[in-house]
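All values derive from a computational prediction rather than experimental measurement.
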Amino acid sequence: LAAAQANLRIIWLAEATMVYQIVLDRSGSMGTNPDKPDDPSPLSFAKTAACNLVDSLPKNVYVGVVQFDDSYSQVYPITLIASADAAAAATRAAAKAAINGLSSGGSTAIYDAASYALSQFVAKKTALSADLLGVTYLLTDGQDNSSNKSVGTVIGEYQAQKVPLITVGYGSGGQAGSSALTQLAGELIFERSSM
């Protein structure tokens with residue numbers, strides 16, 4: 001209990017609109033294991049988790065989806081989940097369709113993709129409101145093998161923008177790469193005040 005309390009970090013969120021960037025690894029290592037072709041792939045688990053996240057988001061927040069292998073792209077633009085029920089349902093359905101449309105292949109550029117997702121958030125914040133707050137969810141097997149940027153560079157970028165990065169590891173790579181994912185997430189905890 002004492003160790004848990006010593007590591008407890010409290011985040012105070014101001015009254016502001018949130019932008020949720022969901023970053024999905026669709027690299028080859030996230031595909032089906034050829035030795036166990038009947039087992040669900042890490043990508044299938046990541047898709048399910050990402051869709052559940054989309055469904056859990058409240059109205060009047062923004063959601064976007066970034067996919068990556070050795071390249072990256074915003075496959076669903078950062079879009080407001082409107083207050084009207086029909087419009088909110090349509091946005092959620094479109095975001096989930098983008099997630100479910102991903103297939104595996106290619107190498108893994110985790111750090112470049114995380115940096116790109118942040119840059120898309122910053123562009124949206126610049127266009128809409130300085131009061132926007134962001135958070136990035138990164139779902140991956142945890143082994144970067146093709147980024148141009150380093151983990152330290154990406155941590156610095158996120159720290160400068162005060163955007164938390166939440167990482168989730170899948171598959172055997174998720175365990176092997178857990179130190180990098182832990183480093184990414186652990187360095188990016190911020191306090192926010194509504195004063």
May I have all residue pairs that pass salt bridge (charged side-chain N to carboxylate O under 4.0 Å, His left out) and include part of [range], sequence neighbours excluded?
{"range": "residues 60-71", "answer": "Arg26-Asp69"}
{"range": "residues 28-49", "answer": "none"}
{"range": "residues 92-116", "answer": "Asp55-Lys96"}

[atom1]-[atom2] distance between [X] and [Y], expressed to the nearest 0.5 angstrom:
{"X": "Leu53", "Y": "Leu57", "atom1": "CG", "atom2": "CG", "result": "5.0 Å"}
{"X": "Ile22", "Y": "Cys51", "atom1": "CD1", "atom2": "SG", "result": "8.0 Å"}
{"X": "Tyr170", "Y": "Ser29", "atom1": "OH", "atom2": "OG", "result": "14.0 Å"}

Contact summary for [X] and [Y], nearest pair of heavy atoms:
{"X": "Ser27", "Y": "Ser107", "answer": "CB-O, 3.1 Å"}
{"X": "Leu139", "Y": "Ala46", "answer": "CD2-O, 3.4 Å"}
{"X": "Pro42", "Y": "Gly31", "answer": "CD-O, 3.4 Å"}
{"X": "Ala109", "Y": "Asp144", "answer": "C-OD2, 3.4 Å"}
{"X": "Met30", "Y": "Thr140", "answer": "SD-C, 3.9 Å"}
{"X": "Tyr116", "Y": "Ser73", "answer": "CE2-C, 3.7 Å"}

Indicate yes or no: at least one non-hydrogen side-chain atom of [X] is less than 4.5 angstrom from one of [Y].
{"X": "Asn60", "Y": "Thr17", "result": "no"}
{"X": "Leu165", "Y": "Leu138", "result": "yes"}
{"X": "Thr136", "Y": "Val23", "result": "yes"}
{"X": "Asp141", "Y": "Asp25", "result": "yes"}
{"X": "Ile78", "Y": "Gln21", "result": "yes"}
{"X": "Val135", "Y": "Val19", "result": "no"}

Q.
Holding to side-chain hydrogen bond (donor to acceptor under 3.5 Å, both in side chains), I want the full list of residues that pass it with Ser146, two or more places apart in sequence or in another chain.
A.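 Ser146: no side-chain hydrogen bond (donor to acceptor under 3.5 Å, both in side chains) contacts found.
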Q) Are side-chain N/O atoms of Ser115 and Glu157 paired as donor and acceptor at under 3.5 Å? A)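 Side-chain D/A pair, Ser115 to Glu157: present.
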Q | Qualifying ring pair (Phe, Tyr, Trp, His ring centres under 6.0 Å) pairs, either residue in residues 34-68, two or more places apart | A |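 For residues 34-68: none.
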Scan the side chains in residues 82-91 for donor-acceptor partners under 3.5 Å anywhere in the protein, sequence neighbours excluded, and list what turns up.
residue	atom	partner	partner atom	Å
Asp85	OD1	Lys59	NZ	2.1
Thr91	OG1	Ala87	O	3.1

Q. Run the side-chain hydrogen bond (donor to acceptor under 3.5 Å, both in side chains) check on Thr32 and Ser41 step by step: do they pass?
A. CA-CA 5 Å; Thr32 302; Ser41 68; 4.7 Å; no
Are any side-chain N or O atoms of [X] and backbone N or O atoms of [Y], one a donor and one an acceptor, separated by less than 3.5 Å?
{"X": "Tyr158", "Y": "Ala114", "value": "yes"}
{"X": "Thr126", "Y": "Val122", "value": "yes"}
{"X": "Ser147", "Y": "Tyr111", "value": "yes"}
{"X": "Asn145", "Y": "Thr108", "value": "yes"}
{"X": "Ser129", "Y": "Lys125", "value": "no"}

(Q) Test side-chain hydrogen bond (donor to acceptor under 3.5 Å, both in side chains) on Gln67 and Gln74; report intermediate values, then the result. (A) CA-CA 7 Å; Gln67 67 83 32; Gln74 184 91 39; over 6 Å; no
Q) Using 30° and 60° as the class limits, which term best fits the ring planes of Tyr137 and Tyr20: parallel, tilted or perpendicular? A)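 Rings of Tyr137 and Tyr20: parallel, under 30°.
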